[in-house]
Amino acid sequence: MRKFYIALSILAITATACKKQTEKLEVLATDQPTETPTTTPETAVDQSQFAAEALSQIFYKLDGNTITFQEILAQYTGKTILIDVWAAWCPDCIKALPTIKTIKADFPDVVFVNLSLDKTPEAWKEAIEKYGIEGEHFYLNDDKRMKGTFGQAIQLNWIPRYIIVNKEGKIELFNATEKNFEDIKAVLNTK
């Protein structure tokens with residue numbers, strides 16, 4: 001019986017101590033000003049225009065000369081542009097080509113700009129010929145391809161990737177894939 005009273009006493013002391021600790025914490029919680037978090041939420045990327053890193057990216061033309069992405073866009077000022085970021089090693093890119101050809105036929109006033117992420121210029125040029133890819137062609141010589149400066153600047157996480165730029169040079173559709181062909185057509189129908 002004595003053990004029972006000792007155990008009961010220890011339990012009572014522990015409960016009292018816990019209650020006092022809880023009261024202390026409650027007082028601290030109400031007396032202390034709340035701190036605002038020092039981390040800021042991620043800022044949303046402006047998807048209506050290209051980042052400076054993307055615009056300054058150098059591409060190669062079929063003749064071997066270089067051109068910046070900004071110069072590519074400037075060539076087509078006043079026209080709607082459908083940009084296709086692709087590669088010959090990408091099966092989804094190749095599967096999408098017939099649909100892109102149909103879209104090109106349906107929208108003859110749209111400029112089709114093909115930006116290749118191929119591993120070599122030879123693979124890029126072979127694919128253009130082999131698959132009869134129409135439009136304007138440019139090659140990104142970056143070993144990091146999708147994870148390089150240009151890829152990061154346009155938040156590239158999948159290819160094929162389609163971007164529509166309107167006649168005023170603003171991005172109308174920032175992130176479309178081969179699953180978004182109906183969205184692409186809908187945007188082009190408004191141009």
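Bear in mind the structure is a predicted one, so any value in this text is a computation, not a measurement.
- Qualifying side-chain contact (heavy atoms from CB on, under 4.5 Å) partners for Leu62, counting only residues two or more places apart in sequence or in other chains: Trp124, Lys125, Ile128, His137.
- Atom CZ of Phe112 sits in a crowded spot, with more than 12 heavy atoms from other residues, nucleotides or ligands closer than 6.0 Å.
- The shortest distance between side-chain heavy atoms of Ile163 and Arg161 falls below 4.5 Å.
- Here the CD atom belonging to Gln57 is positioned 12.5 Å from the CD1 atom belonging to Ile67, to the nearest 0.5 angstrom.
- Taking the salt bridge (charged side-chain N to carboxylate O under 4.0 Å, His left out) definition, one finds that Glu122 meets it with nothing, sequence neighbours left out.
- For Leu97, the side-chain contact (heavy atoms from CB on, under 4.5 Å) criterion is met by Ile94, Tyr131, Ile133, not counting sequence neighbours.
- More than 12 non-hydrogen atoms from other residues, nucleotides or ligands lie less than 6.0 angstrom from CH2 of Trp89.
- Closest approach of Ala88 and Ala123 over heavy atoms only: CB-O, 4.2 Å.
- Judged as a side-chain contact (heavy atoms from CB on, under 4.5 Å), and not counting sequence neighbours, the contacts of Asp106 are Thr102.
- For the pair Val111/Leu82, no side-chain contact is recorded, criterion being any heavy-atom separation below 4.5 Å from C-beta on.
- When Val85, Ile100, Asn175 are each tested for a side-chain contact (heavy atoms from CB on, under 4.5 Å) with Tyr162, only one passes: Ile100.
- A heavy-atom distance below 4.5 Å is found between the side chains of Ile103 and Phe181.
- Hydrophobic clustering (ILVMFWY, side-chain heavy atoms < 4.5 Å, transitive): Val113 and Ile154 are in one cluster.
- For Gln152, the side-chain contact (heavy atoms from CB on, under 4.5 Å) test picks out no residue, with sequence neighbours left out.
- In this structure, Trp158 CH2 and Cys90 SG are separated by 7.5 Å, a value rounded to the nearest 0.5 Å.
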Report the C-alpha separation of Phe69 and Ile83 in whole Å, then their side-chain angles, then the decisive distance to 0.1 Å, and conclude whether the side-chain contact (heavy atoms from CB on, under 4.5 Å) test is met.
CA-CA 11 Å; Phe69 185 55; Ile83 299 169; 3.8 Å; yes

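- Here the straight-line distance linking atom CD1 of Ile159 with atom CG of Asp84 works out to 9.0 Å at 0.5 Å rounding.
- Gln155 places a side-chain heavy atom less than 4.5 Å from the side chain of Gln47.
- Although no hydrogens or angles enter the test, the distance criterion places a donor-acceptor pair under 3.5 Å between the side chain of Asn114 and the main chain of Glu134.
- Shortest non-hydrogen contact noted between Glu136 and Tyr76 is CG-OH, 2.9 Å.
- Put simply, the side chain of Tyr139 gets close to the backbone of Asp118: a donor and an acceptor are under 3.5 Å apart.
- Smallest separation of non-hydrogen atoms from Gly135 and Lys104: N-CE, 4.2 Å.
- Glu172 places none of its side-chain heavy atoms less than 4.5 Å from the side chain of Val165.
- At distances below 3.5 Å, not a single donor-acceptor pair connects side-chain atoms of Asn166 with backbone N or O atoms of Thr80.
- Here the closest heavy-atom approach between residue Phe138 and residue Gln75 is recorded as CZ-OE1, 4.3 Å.
- Atom NZ of Lys147 is surrounded by 12 or fewer heavy atoms from other residues, nucleotides or ligands within 6.0 Å.
- Both Val187 and Val110 belong to a common hydrophobic cluster when Ile, Leu, Val, Met, Phe, Trp and Tyr are linked at side-chain heavy-atom distances under 4.5 angstrom.
- Residues satisfying the salt bridge (charged side-chain N to carboxylate O under 4.0 Å, His left out) test with Glu178, not counting sequence neighbours, are none.
- Residues Cys93 and Pro160 share a closest heavy-atom pair of SG-N, 3.4 Å.
- Hydrophobic clustering (side-chain heavy atoms under 4.5 Å, transitive across Ile, Leu, Val, Met, Phe, Trp, Tyr) groups Leu156 together with Phe174.
- Hydrophobic clustering (ILVMFWY, side-chain heavy atoms < 4.5 Å, transitive): Ile171 and Leu173 are in distinct clusters.
- At a threshold of 4.5 Å between side-chain heavy atoms, the hydrophobic network of Ile, Leu, Val, Met, Phe, Trp and Tyr places Ile72 and Leu117 in one connected group.
- Looking at heavy atoms from C-beta onward, Thr68 lies out of side-chain contact with Phe59 at the 4.5 angstrom threshold.
- A donor-acceptor contact shorter than 3.5 Å is absent between the side chain of Asn65 and the backbone of Lys61.
- Shown here for Leu140 and Ile58, the closest heavy-atom pair between the two residues is CD1-O, 3.8 Å.
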